Amino acid sequence: ERPIGLPQQLRNEQIGKKFIHATKMVEVANEVGDSSPDPRSVSSNLTGRDEEKDTNILAVSKLARAKAFSHNAVGAVLYKKGDYDKALHEYQKALKIRLKVLGPDHPDTATSHNGIGIVYYEKSDYDRALKEHLEALRICLKELGPSHPITATSHNGIGLVYEARGDYDSALYEYQKAAEIDLNLFGSNHSDTVIFRNNIGSAYYKKGYYDKALDVYQKALEDCLVMFGPNNPKTALSHNNIGLVYRRKGDHNSALEEFQKALKIRLKVLGPNHPDTAASHNSIGVVYGAKGDYDIALNHHQKALKIRSKVLGSNHPKTARCHNNIGVVYCAKGDCNRALYEYQKVLEIRLNVFGPNHPDTAACRNNIGDALRVKGDYDKALDELQKASEIRSRILGPDHPNTATSHDRLGVVYEAKGDYESADFERINALGFHF
């Protein structure tokens, strides 16, 4: 499950009303037009020689700021709805006005950069996302200082990009900075503190620290239930994240219970075609696959694929994850050719988005190697599994559970080839004894 992006005070059950209200705000503000004065010309023209003219200039500037606020509000609602292209368009309109009226170093300008950054993150354009969040952080540190809520949001956005790139240590550092700021300002029972806490849990989860992740996620769930109640998207996210840890620890029944709670909330609050609903279908499918209920698993994965292909596009990493999970099910059913077809789609997307040295790319190569092993093509299987093992050892470290999995799969292939010495070597490495 993805970590949480831009903190917003918008409750999803009110999205429709807020969207209508924000749209009306834009319609009213549009009467101002885009010809707002440069802030420097405003200050230089306020000479007192023409009070009526000065008053008009200030009025135009105020209306322009209102227009920017309206575009930003619409962008926030569209982002919540998962309509990222339209959200980006609105955020960029707001930024254009704010740069012209307020200048590049105003806190409102930083807010626009953060909004644009989170949309680029959702679209997997991580270079642009990082650029926007870093610019927001620069403004915040200069104008607001290191202990402001918008500064915390900027750190959180930077952390999201680092996590997506597989740099989990840097992500954890940024999330902890964000959480520390918010905790000092608002205490533990604040919506943004819950967001940052969930993201810290996500970094721990990605690093393989499952017990730490579970502690963080359970605390986040307790806070969500108190602050938002049982039928809120943030509560659903906490249930889903707890389920992820249970699944990793092999407790499939507990995982399924948490995933189904998350799906029920998301269907009720977000609807059947939201990206977060797709994430729940994806998680439930993985558990059913692990339990051997392959037809149910495929049904959930195909629902997730349909949603993500429509909302995110066919070349998005989350769409790739659906193809990956469908491949895993087909491989388990013995249809290795269909599995390889799905895995090759995944590899193409991940190489394009993440490059060759990313944990998700390694996971795909591991799956391709496993399918080739089942087919009996041991040499090609070894090639893929060795690539996966090298990436994981370098990026995740030798003690990460996924690195151990790669060594174990290599051991299986070597044993199938009759190379028992190499098989023993890999399995010893899998147990954590490194040579």
Side-chain angles (χ1 to χ4, degrees), residues 1-12 15 18-19 22 68-96 98-99 107-140 144 148-165 167 170-171 174-175 177-179 181-182 191-200 202-203 233-234 237 241 270 274-276 278-279 308 311-313 316-318 353:
E1 181 79 6
R2 66 181 175 83
I4 309 175
L6 187 66
Q8 297 290 345
Q9 302 298 325
L10 300 176
R11 289 184 176 273
N12 279 330
I15 276 179
K18 288 181 179 290
F19 180 73
F69 176 83
S70 301
H71 283 302
N72 214 74
V74 173
V77 175
L78 290 166
Y79 167 77
K80 282 285 186 180
K81 287 164 69 73
D83 195 340
Y84 301 130
D85 289 333
K86 289 182 181 178
L88 181 61
H89 182 66
E90 294 296 332
Y91 280 138
Q92 287 173 330
K93 281 184 176 180
L95 177 62
K96 182 180 178 182
R98 286 169 170 171
L99 285 170
D108 288 358
T109 307
T111 298
S112 288
H113 283 299
N114 271 330
I116 292 169
I118 199 62
V119 176
Y120 277 132
Y121 161 79
E122 295 289 359
K123 290 166 67 67
S124 298
D125 192 340
Y126 300 126
D127 290 339
R128 287 184 179 178
L130 185 60
K131 180 181 177 182
E132 296 292 336
H133 288 308
L134 287 172
E135 177 61 11
L137 181 61
R138 180 195 69 77
I139 298 167
C140 289
L144 302 173
H148 192 277
I150 305 177
T151 308
T153 299
S154 302
H155 281 297
N156 184 68
I158 293 166
L160 291 172
V161 178
Y162 282 135
E163 181 175 342
R165 286 178 163 179
D167 187 350
S170 296
E174 297 293 338
Y175 293 151
K177 291 275 285 187
I181 295 168
D182 221 61
S191 60
D192 290 357
T193 306
V194 173
I195 289 173
F196 303 145
R197 184 179 290 123
N198 254 317
N199 290 353
I200 289 169
S202 180
K234 294 184 181 71
L237 179 67
N241 287 344
L270 302 175
H274 193 278
D276 290 354
R308 286 177 168 173
V311 177
L312 303 176
H316 194 280
K318 291 176 184 176
V353 175

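One-based numbering along the sequence shown. None of these values were measured; they are calculated from a predicted model.
- Separating the CG atom in D108 from the CG atom in L95 is a distance of 11.0 Å, to the nearest 0.5 Å.
- Every salt bridge (charged side-chain N to carboxylate O under 4.0 Å, His left out) that R197 has, sequence neighbours left out, goes to D223.
- Judged as a side-chain hydrogen bond (donor to acceptor under 3.5 Å, both in side chains), and not counting sequence neighbours, the contacts of K123 are D85.
- Under the salt bridge (charged side-chain N to carboxylate O under 4.0 Å, His left out) criterion, D125 pairs with R128, sequence neighbours left out.
- Residues satisfying the side chain to side chain contact (heavy atoms under 4.5 Å, CB included) criterion with N72, sequence neighbours excluded, are Y91, A94, R98, T111, S112.
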- Does the pair D127 and R165 meet the rule for a side chain to side chain contact (heavy atoms under 4.5 Å, CB included), with working shown? CA-CA 10 Å; D127 290 339; R165 286 178 163 179; 2.3 Å; yes
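- The closest side-chain heavy-atom distance from L237 to D276 is not below 4.5 Å.
- The CG atom of L88 sits 11.0 Å away from atom CG of D83, with the distance rounded to the nearest 0.5 Å.
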- Message: R138 vs E135, test: salt bridge (charged side-chain N to carboxylate O under 4.0 Å, His left out). Steps then yes/no.
- Response: CA-CA 5 Å; R138 180 195 69 77; E135 177 61 11; 2.8 Å; yes
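- No donor-acceptor pair under 3.5 Å is formed between the side chain of H133 and the backbone N or O of N156.
- You'll find the side chain of Y175 reaches within 4.5 Å of the side chain of L160, heavy atoms only.
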- Task: Test side chain to side chain contact (heavy atoms under 4.5 Å, CB included) on T109 and H113 and set out the steps.
- Result: CA-CA 6 Å; T109 307; H113 283 299; 3.8 Å; yes
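- Residues satisfying the side chain to side chain contact (heavy atoms under 4.5 Å, CB included) test with K131, not counting sequence neighbours, are none.
- Atoms CD1 and OG1, from I158 and T153 in turn, are 11.0 Å apart once rounded to the nearest 0.5 Å.
- Between I181 atom CD1 and T193 atom OG1 the span is 11.0 Å, to the nearest 0.5 Å.
- Checked by atom type and distance alone, the side chain of H316 pairs as donor or acceptor with a backbone atom of E122 at under 3.5 Å.
- Residues passing the side chain to side chain contact (heavy atoms under 4.5 Å, CB included) test with A179 are F196, I200, sequence neighbours excluded.
- Here the CG atom belonging to L137 is positioned 8.5 Å from the NZ atom belonging to K177, to the nearest 0.5 angstrom.
- Looking at heavy atoms from C-beta onward, E163 lies in side-chain contact with S202 at the 4.5 angstrom threshold.
- When all heavy atoms are compared, the tightest approach of A178 to A152 is CB-O, 3.3 Å.
- Distance alone, capped at 3.5 Å, places no donor-acceptor pair between the D167 side chain and the Y162 backbone.
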- Stepwise, does the side chain to side chain contact (heavy atoms under 4.5 Å, CB included) test hold for Y120 with Y126? CA-CA 7 Å; Y120 277 132; Y126 300 126; over 6 Å; no
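- One distance of note links NZ of K96 with NZ of K93; it measures 9.5 Å at 0.5 Å rounding.
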